[in-house]
Undergrad: 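Handing you this structure, nothing more for now.
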Amino acid sequence: MKIKDILKESKKPFPSLEIVPPLKGMTAKELTDSVRPFMDFCPKYINVTTHRDEYEYRQGPDGTFSRCLVRNRVSAVAVCGVIMSEFKVEVVPHIICGGTTAEEIESKLYDLRFMGIDNVMALRGDSMTGEKRFTPEPGGYGYAGMLVEGIRAFERKIGENCFSIGVGGYPEKHFEAPNLETDIDNLKRKVDAGADYIITQMFFDNEVYYRYVGKCRDAGITVPIIPGLKPLSTARQVSMLPESFSLDIPVGLTEAIREAGDDKRAVYEIGTQWCIMQCRDLLAHGVPAVHFYTMGKSENIVRILKECF
Ligand code: FAD
């Protein structure tokens, strides 16, 4: 079933989840065991991230270097196949522009259609490690909006309406955008190109999300904007998350974590309770769904789901 129809038909807000494919070498059983604890809460769909291939230079016995492909994780498509057959839940593989040509993406879309997958999340992806700005592959897409157009063109080519398409939104602005207004204009381009809904980057202050939704509506974006949440779980994340995702952590949360000092369990508890508070408030404000970034961890997310859904 398409996410746009799930969103239309759902009578009450629901949780959805995002997982990261396991490292190569892990088994399908290890994957399903890690997802099973969430299934009691009937998530309507599970997103599976995609990670760009990296390259490294390895020195051969003759002293020369050669460029080698490093692919550490199982593919999103393989993970989606296992999850679909084990749990009968909708899956949403992420498709990224980075490191891929339009032709390769078209082949992937044929695979997804063959597997009966009705949903995709269209993203640009980040630049390669060591690269300053994102550079598209020759013959690839430069922005997520171009990818959305490419997916809709594929559908026209085969004469089928195959996919509901989600895109990313940034309540605290994408780090490359000169200002939030320009970023929202670019978000509108993705929606105008055919995206059905938006999932936001994680945020820790709901007011930031409410203001963002207001600005998106003022800009003429009418599709659902699903908030993305991640419970903070370690003190290190107080500096790591703003650096990696270009977001703010509210003073109330940083202060509480500072006071917890070296007590790891207390920090974990503070992060979980903060997320519960955010989730309850979002639900009280009538959001259509809440999306959880699980990062492969289940204990805190399960507790939040138990408290809120
Ligand atoms: P875009 O929408 O293309 O935007 C990128 C930048 O370009 C923004 O600053 C935007 O304002 C600007 N821009 C957009 N369109 C135009 C235009 N036409 N002209 C000029 N400027 C423009 N990354 C992964 O590698 N794998 C994942 O699985 C993944 N999942 C994610 C899931 C969610 C819900 C979110 C929010 C992010 C995810 N990301 C993932 C991270 C994402 O790939 C990065 O944040 C990336 O830097 C931007 O991707 P985007 O799709 O938002 O890009």
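Just follow the structure's listing: the first ligand is 1, and inside any ligand the first atom is 1. The first residue in the sequence is number 1, and the count goes up from there.
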Undergrad: Can you check whether Arg258 reaches Val238 side chain to side chain, under 4.5 Å on heavy atoms?
TA: no
Undergrad: So Phe14 and Tyr45, would you call those rings parallel, tilted or perpendicular, with 30° and 60° as cut-offs?
TA: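 Plane angle over 60°, so perpendicular.
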Undergrad: Which residue holds the protein heavy atom closest to atom 25 (O) of ligand 1, what is that atom called, and what is the gap in Å?
TA: Thr50 O, 3.6 Å
Undergrad: Are side-chain heavy atoms of Val35 and Thr294 found at a separation under 4.5 Å?
TA: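 When only atoms from C-beta onward are counted, Thr294 and Val35 do not touch, as no gap falls below 4.5 Å.
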Undergrad: Do Lys190 and ligand 1 have an N or O pair less than 3.5 Å apart?
TA: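 In this structure, Lys190 places an N or O atom under 3.5 Å from an N or O of ligand 1.
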Undergrad: Polar contacts were defined as any N/O atom of the residue lying under 3.5 Å from an N/O atom of the ligand; does this apply to Arg124 and ligand 1?
TA: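 Min N/O separation from ligand 1 is below 3.5 Å for Arg124.
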Undergrad: Nearest 0.5 angstrom please: Cys80 SG to Asp111 CG, how far?
TA: 12.0 Å
Undergrad: Just need the protein heavy atom nearest to atom 32 (C) of ligand 1, so name the residue and atom and give the distance.
TA: His94 CE1, 3.7 Å
Undergrad: For the residue pair Met39 and Val89, establish whether any side-chain heavy-atom pair is separated by less than 4.5 Å.
TA: yes
Undergrad: Return a yes/no value for Tyr170: is any of its N or O atoms, backbone included, closer than 3.5 angstrom to an N or O of ligand 1?
TA: yes
Undergrad: How far is atom 7 (O) of ligand 1 from its nearest protein heavy atom, and which residue and atom name does that atom have?
TA: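 Atom 7 (O) of ligand 1 sits closest to the protein heavy atom Tyr143 CE2, 3.4 Å.
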Undergrad: Indicate yes or no: at least one non-hydrogen side-chain atom of Lys230 is less than 4.5 angstrom from one of Gln237.
TA: yes
Undergrad: What are the atoms of ligand 1, with element, lying closer than 4.0 Å to any heavy atom of Ala177?
TA: 9 (O), 11 (O)
Undergrad: Kindly indicate whether atom 4 (O) of ligand 1 is approached by any protein heavy atom to under 4.0 angstrom.
TA: no
Undergrad: What protein heavy atom lies closest to atom 9 (O) of ligand 1? Include the residue and the distance to one decimal.
TA: His174 ND1, 2.8 Å
Undergrad: Taking the side chain as C-beta and beyond, is there a heavy-atom pair between Val223 and Asp196 under 4.5 Å?
TA: no
Undergrad: Hey, which atoms in ligand 1 end up nearer than 4.0 Å to a heavy atom of Thr49?
TA: 28 (O)
Undergrad: Could you tell me, atom by atom, which parts of ligand 1 come under 4.0 Å of a heavy atom of Tyr293?
TA: 33 (C), 34 (C)
Undergrad: Please check if the number of heavy atoms outside Glu160 that lie under 6.0 Å from its CD is greater than 12.
TA: yes
Undergrad: Mark up the atoms of ligand 1 that fall under 4.0 Å of a heavy atom belonging to Gly125, in ascending order.
TA: 25 (O), 43 (O), 46 (C), 47 (O), 49 (O)
Undergrad: With a 4.0 Å heavy-atom cut-off (strictly under), which part of His291 contacts ligand 1: side chain, backbone, both or neither?
TA: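 Neither; nothing of His291 gets under 4.0 Å from ligand 1.
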Undergrad: Give me the nearest non-hydrogen protein atom to atom 18 (N) of ligand 1 as residue plus atom name, then the distance to 0.1 Å.
TA: Arg189 NH1, 3.3 Å
Undergrad: State, with a plain yes or no, whether a side-chain heavy atom of Arg280 is found less than 4.5 Å away from one of Ile276.
TA: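 A side-chain contact exists here, since the closest heavy-atom pair is under 4.5 Å.
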Undergrad: Distance under 4.0 Å to a non-hydrogen atom of Met121: what atoms of ligand 1 satisfy this?
TA: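 Checking each atom against Met121, I get 34 (C).
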Undergrad: Would you say Ile19 and Leu31 make side-chain contact, with heavy atoms under 4.5 Å?
TA: yes
Undergrad: Is the closest N or O pair between Thr182 and ligand 1 shorter than 3.5 Å?
TA: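 In fact, backbone or side chain, Thr182 has no N or O that close.
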Undergrad: How long is the straight-line distance from SG of Cys162 back to OH of Tyr110, given to the nearest 0.5 Å?
TA: 9.0 Å
Undergrad: Restricting to non-hydrogen atoms, name the atom on Pro15 and the atom on Phe41 that form the minimum distance, rounded to 0.1 Å.
TA: CG-O, 3.8 Å
Undergrad: If I apply the N/O under 3.5 Å rule, does Asp126 come out as touching ligand 1?
TA: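 By distance alone, the answer is yes.
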Undergrad: Which option wins on minimum heavy-atom distance to atom 10 (C) of ligand 1: Asp183, Asn179, Leu147?
TA: Asp183
Undergrad: Which of the listed options, Val92, Ile199, Asn186, Leu123, holds the heavy atom that is closest to atom 22 (C) of ligand 1?
TA: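 Answer by nearest heavy atom: Asn186.
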Undergrad: If you count the atoms of ligand 1 from 1 in the order shown, which ones are under 4.0 Å from a heavy atom of Ile96?
TA: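 Selected atoms, number and element: 24 (C), 25 (O), 26 (N).
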